[in-house]
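I have a structure here, written as structure tokens, and I will follow up with some questions on it.
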Amino acid sequence: MIVDFHTHTLCSDGTQTPDELLRRLDERGVQRFAITDHDALDAYAALDLTALRDRVVTGVEINTTYRHNEVHILGYGFPVDSPVLRPVLANNAFEREQRVLEMIERLTAAGYRVTMEEVRAESAPGSPLGRPHVARALLRQGFVDSIDGAFRSLLRRGGPGYVPSTYMHPHEAVRLVRESGGVAVLAHPGRLDDYGIIEDLAGVGLQGLEVFYPKHDPNERAHFRSLAQRFDLVMTGGSDFHDPGYNQNGVGMEVDPSDLAGFFALLER
Ligand code: AMP
Ligand code: ZN
Ligand code: FE
Ligand code: FE
């Protein structure tokens, strides 16, 4: 079946409206999906959740830094008006803004002068800021020739414009998702340098692993499948779509339904 449990809209750092994303999901024949904006649930307000109830799963992505790795926690299936999740996400969004200010300072000191106004102009009003907005401002100012180039030269972990996300510990993100009634999943494990983090998080309540991800090669997929089995984690999959320009595979992941049965069972609990 075709699913996509990892997508972004301009309610965080994607470039498509929720409706535009939905059109892409429809065109691709995606049967079940989640929008996992960073620290934001606004996309769900733009969708007809009653009409989509058999297809849509609520979702969110919380980015953290842990053991010198970027550790992204996905949450699924919580009530969209969760009083547990909402205030914490609002605080994370505030912290993201502070972080972008710090990135701007570092970039300016390194000779890449961008302003908060320019970064904000690359985002929808009220949406949490992130590195892709900074990357777009750098691109518009002509400092880089692509979004990917901005990440490779300036914004990657350890790069001159990089500031880690230190406002939330991944253990806290897992606990928060569970407390809100959601299912906690580790995003794109292939991006980790330290796979030991998977076992560590499994020990504090992590429930799933994003085994199916466009950038995982067949060996990585097989490895993460075996780790999911070993640590009793369900498997999920998603494209991490943000923009047709820099996600050229578009939306949707083809996954055998039997590989998703554990995830679906957790969502129904
Ligand atoms: P942040 O949450 O501010 O740390 O930004 C992380 C976001 O940047 C994630 O959603 C990634 O999808 C995105 N990202 C990371 N590397 C790249 C890249 N090379 N090109 C485009 N987006 C990227
Ligand atoms: Zn993103
Ligand atoms: Fe992520
Ligand atoms: Fe993402």
Side-chain angles (χ1 to χ4, degrees), residues 1-38 43-44 47 52-63 70-77 132 147-148 177 182-192 195 198 201 206-229 231 233-268:
M1 71 190 291
I2 306 176
V3 297
D4 201 333
F5 296 107
H6 193 158
T7 63
H8 298 272
T9 72
L10 47 65
C11 298
S12 67
D13 58 5
T15 62
Q16 312 287 291
T17 65
D19 279 331
E20 285 164 344
L21 175 68
L22 185 59
R23 193 164 345 116
R24 286 173 192 279
L25 293 165
D26 286 343
E27 278 167 15
R28 178 78 174 88
V30 173
Q31 290 166 264
R32 288 191 83 177
F33 70 94
I35 297 175
T36 51
D37 274 318
H38 304 280
Y44 290 98
L47 297 180
L52 290 168
R53 68 178 171 275
D54 295 332
R55 289 176 70 199
V56 74
V57 175
T58 54
V60 72
E61 183 173 22
I62 301 173
N63 291 6
E70 288 181 30
V71 176
H72 297 180
I73 304 296
L74 297 160
Y76 295 110
I147 297 295
D148 193 51
V177 167
V183 177
V185 172
L186 176 64
H188 40 66
R191 292 214 216 161
L192 299 174
Y195 289 174
I198 300 167
L201 295 179
L206 187 78
Q207 293 160 290
L209 196 58
E210 191 174 53
V211 171
F212 307 101
Y213 189 74
K215 290 192 181 114
H216 290 166
D217 66 32
N219 287 329
E220 287 175 314
R221 209 184 311 136
H223 184 57
F224 296 133
R225 176 192 288 279
S226 76
L227 291 183
Q229 197 158 28
F231 301 126
L233 301 169
V234 302
M235 298 190 283
T236 70
S239 67
D240 209 356
F241 180 84
H242 286 71
D243 173 75
Y246 51 90
N247 296 104
Q248 285 172 11
N249 297 325
V251 298
M253 295 289 294
E254 174 91 55
V255 183
D256 193 306
S258 65
D259 287 335
L260 295 169
F263 179 49
F264 292 155
L266 282 184
L267 286 174
E268 264 143 45

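Residue numbers count from 1 along this sequence.
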> Between atom CZ of F5 and atom OG1 of T7, what is the distance when rounded to the nearest 0.5 Å?
Replying inline: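 Nearest 0.5 Å value for the CZ-OG1 distance: 10.5 Å.
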>> For the CG atom of L206 and the CG atom of L209, what is their distance to the nearest 0.5 Å?
In response: 7.0 Å
> How long is the span from the CD atom in Q207 to the OG1 atom in T236, to the nearest 0.5 Å?
Replying inline: 11.5 Å
> What do you reckon, are the aromatic ring centroids of Y213 and F224 less than 6.0 Å apart?
Replying inline: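 For Y213 and F224, the ring centres are not under 6.0 Å apart.
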>> Could you check whether any side-chain heavy atom of V57 comes within less than 4.5 Å of a side-chain heavy atom of F33, counting everything from C-beta outward?
In response: no
>> Donor-acceptor check, side chain of E268 to backbone of A265, threshold 3.5 angstrom: yes or no?
In response: no
>> As a test of understanding, state which of L201, V185, V60 forms a side chain to side chain contact (heavy atoms under 4.5 Å, CB included) with I73.
In response: L201
> Do F241 and L21 have side-chain heavy atoms sitting under 4.5 Å apart?
Replying inline: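 F241 reaches L21 side chain to side chain.
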>> So that I can tick it off, tell me whether D26 and R55 are bridged by a salt bridge, with the cut-off set at under 4.0 angstrom between side-chain N and carboxylate O.
In response: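 A salt bridge is present here (some side-chain N lies under 4.0 Å from a carboxylate O).
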> Tell me, do L186 and L233 make a side-chain contact under 4.5 Å, heavy atoms counted?
Replying inline: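 SC-SC contact between L186 and L233 ruled out.
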>> Quick check: H223 with Y195 (ring centres under 6.0 Å apart)?
In response: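 They qualify: ring centres under 6.0 Å apart.
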>> Is any side-chain heavy atom of T17 closer than 4.5 Å to one of L10?
In response: yes
> Do you know the tightest heavy-atom contact between E210 and H216?
Replying inline: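 Reported closest heavy-atom pair: O-CE1, 3.2 Å.
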> Under 4.5 Å between any side-chain heavy atoms of V234 and L260, yes or no?
Replying inline: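 They are not in contact (no side-chain heavy atoms under 4.5 Å apart), so the answer is no.
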> Which atom names give the shortest non-hydrogen contact between V3 and G237, and what distance separates them?
Replying inline: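 Taking every non-hydrogen atom into account, CG2-O, 4.3 Å.
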>> Using a 3.5 Å distance criterion without hydrogens, assess whether the side chain of T58 forms a donor-acceptor pair with backbone atoms of Y76.
In response: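 Judged by distance alone, no pair lies under 3.5 Å.
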> Counting only heavy atoms not in Q31, do more than 12 fall under 6.0 Å of its CD?
Replying inline: yes
> Looking at P214 and S239, what are the two nearest heavy atoms and their distance?
Replying inline: CG-O, 3.5 Å
>> Are the side chains of M235 and F263 in contact, using a 4.5 Å heavy-atom criterion?
In response: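 Not touching, per the 4.5 Å side-chain cut-off.
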> Does D259 come within less than 4.0 Å of R225, counting only side-chain N to carboxylate O?
Replying inline: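 So D259 pairs with R225 through a salt bridge.
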> Which pair of heavy atoms, one from A43 and one from T9, lies closest together, and at what distance?
Replying inline: CB-OG1, 3.9 Å
> Has the side chain of D37 got a donor or acceptor atom that lies under 3.5 Å from a matching backbone atom of H8?
Replying inline: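 A pair under 3.5 Å: no.
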> Does the side chain of E61 come under 3.5 Å of the side chain of H72 through a donor N or O and an acceptor N or O?
Replying inline: yes
>> Checking V183 against L267 for the side-chain contact (heavy atoms from CB on, under 4.5 Å) test, could you report, in this order, the C-alpha distance in whole Å, the side-chain angles of both residues, the deciding distance, and whether it holds?
In response: CA-CA 7 Å; V183 177; L267 286 174; 4.1 Å; yes
> How long is the span from the NE2 atom in H6 to the OG1 atom in T36, to the nearest 0.5 Å?
Replying inline: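 Going from NE2 on H6 over to OG1 on T36, the span is 4.0 Å.
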> Which atoms form the tightest heavy-atom contact between P244 and T15, and what is the distance?
Replying inline: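 For P244 versus T15, the nearest heavy atoms are CD-OG1, 4.2 Å.
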>> Quick check for you: to the nearest 0.5 Å, what is the distance between Y246 atom OH and D148 atom CG?
In response: 10.5 Å
> Does the ring of F264 carry R32 above it, NZ/CZ under 6.0 angstrom from centre and within 45° of its axis?
Replying inline: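 The answer is yes, since R32 meets both limits relative to F264.
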>> How close do D240 and R191 get, counting heavy atoms only, and between which atoms?
In response: OD2-NH2, 3.1 Å
If you look only at distance, which donor and acceptor atoms sit under 3.5 Å apart when one is on a side chain in residues 249-257 and the other is two or more places apart or in another chain?
| from | atom 1 | to | atom 2 | distance (Å) |
| --- | --- | --- | --- | --- |
| D256 | OD1 | S258 | N | 3.0 |
| D256 | OD1 | S258 | OG | 2.9 |

